[in-house]
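These values consider heavy atoms only, across backbone and side chains, with no hydrogens, waters or symmetry-generated copies. These numbers come from a predicted model, not from an experiment.
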Amino acid sequence: DFPQQLDEYLTEHDLLADDFTVTDLVFGGSPVPLPRIDDFPGIGYREFGTITEAAERLSWAGTITMPDEFSAAVHDTFQWLARADRNKKSVVVFFH
C-alpha cells in the first residue's frame, strides 16, 4: 500500500497532476501484452506526451519538507519522468 500512501501525501500537498498517480505508474499494467507473471506483481507505464505535467508538478516537491519514507520515492519518480520527458521517451516501471 506504499504507492497509495504516497499518492495520498502528494495529493494533500497538490503535487500530483490531475491524470497521474504513483499507483497507476507502478500497477497500471504493461504497455504490451504479457503472459501472466505470478512472481512479478507490478508493471506500469506512462507514454511520452503524458509526462510533462506530472514531472512539473512533482518538481515542486523540493519546496517542502516531507517525511523520510516518501522523499526518496518522490525524488526517483520525478527523475524518471523528467528524464523521459526531456528525452522524448516513455517510462516503464517494474515493482517487485
Side-chain angles (χ1 to χ4, degrees):
D1 65 343
F2 179 76
Q4 290 173 321
Q5 292 174 20
L6 186 56
D7 285 336
E8 289 170 10
Y9 178 82
L10 293 171
T11 298
E12 289 172 12
H13 292 85
D14 198 28
L15 296 172
L16 285 182
D18 290 337
D19 63 343
F20 177 81
T21 66
V22 175
T23 301
D24 284 345
L25 180 63
V26 175
F27 297 111
S30 173
V32 298
L34 294 174
R36 181 173 168 81
I37 305 170
D38 292 330
D39 66 343
F40 206 87
I43 301 173
Y45 70 100
R46 286 291 284 208
E47 291 186 25
F48 174 71
T50 68
I51 295 172
T52 304
E53 184 181 352
E56 286 176 1
R57 191 67 69 88
L58 283 176
S59 73
W60 303 343
T63 66
I64 65 170
T65 302
M66 70 178 64
D68 289 341
E69 68 263 23
F70 296 143
S71 61
V74 170
H75 176 76
D76 289 348
T77 303
F78 164 71
Q79 291 294 319
W80 299 334
L81 296 176
R83 183 173 184 175
D85 190 52
R86 185 173 54 251
N87 292 310
K88 297 179 173 47
K89 304 286 183 185
S90 297
V91 173
V92 178
V93 175
F94 300 96
F95 179 81
H96 194 274

Does a side-chain heavy-atom distance below 4.5 Å link Q5 with F70? yes
Between L58 and H75, is there a side-chain heavy-atom distance shorter than 4.5 Å? no
Inspect the surroundings of CG in D39 and state if more than 12 heavy atoms from other residues, nucleotides or ligands are less than 6.0 Å away. yes
Where is the tightest heavy-atom contact between [X] and [Y], given as atom of each residue plus distance?
| X | Y | result |
| --- | --- | --- |
| P31 | V92 | CG-CG2, 4.0 Å |
| R57 | L16 | NH1-O, 3.1 Å |
| Y9 | M66 | OH-CB, 3.0 Å |

Are [X] and [Y] in one and the same hydrophobic cluster, where Ile, Leu, Val, Met, Phe, Trp and Tyr link if side-chain heavy atoms are under 4.5 Å apart?
| X | Y | result |
| --- | --- | --- |
| Y45 | F95 | no |
| V91 | F94 | no |
| F2 | L25 | yes |
| I43 | F27 | no |
| I64 | V22 | yes |

Atom pair [atom1]/[atom2] of [X] and [Y] - distance to nearest 0.5 Å:
| X | Y | atom1 | atom2 | answer |
| --- | --- | --- | --- | --- |
| T65 | D68 | OG1 | CG | 10.0 Å |
| T11 | Q4 | OG1 | CD | 11.5 Å |
| T23 | L6 | OG1 | CG | 8.0 Å |
| D7 | D1 | CG | CG | 11.0 Å |

With S30 via side-chain hydrogen bond (donor to acceptor under 3.5 Å, both in side chains) - residues at least two apart: none
N/O donor-acceptor pairs under 3.5 Å from side chains in residues 77-85, not counting sequence neighbours:
from, atom 1, to, atom 2, distance (Å)
T77, OG1, A73, O, 2.8
D85, OD1, T52, OG1, 2.7
D85, OD2, T52, OG1, 3.2

D19: partners by side-chain contact (heavy atoms from CB on, under 4.5 Å), with sequence neighbours left out: A17, R46
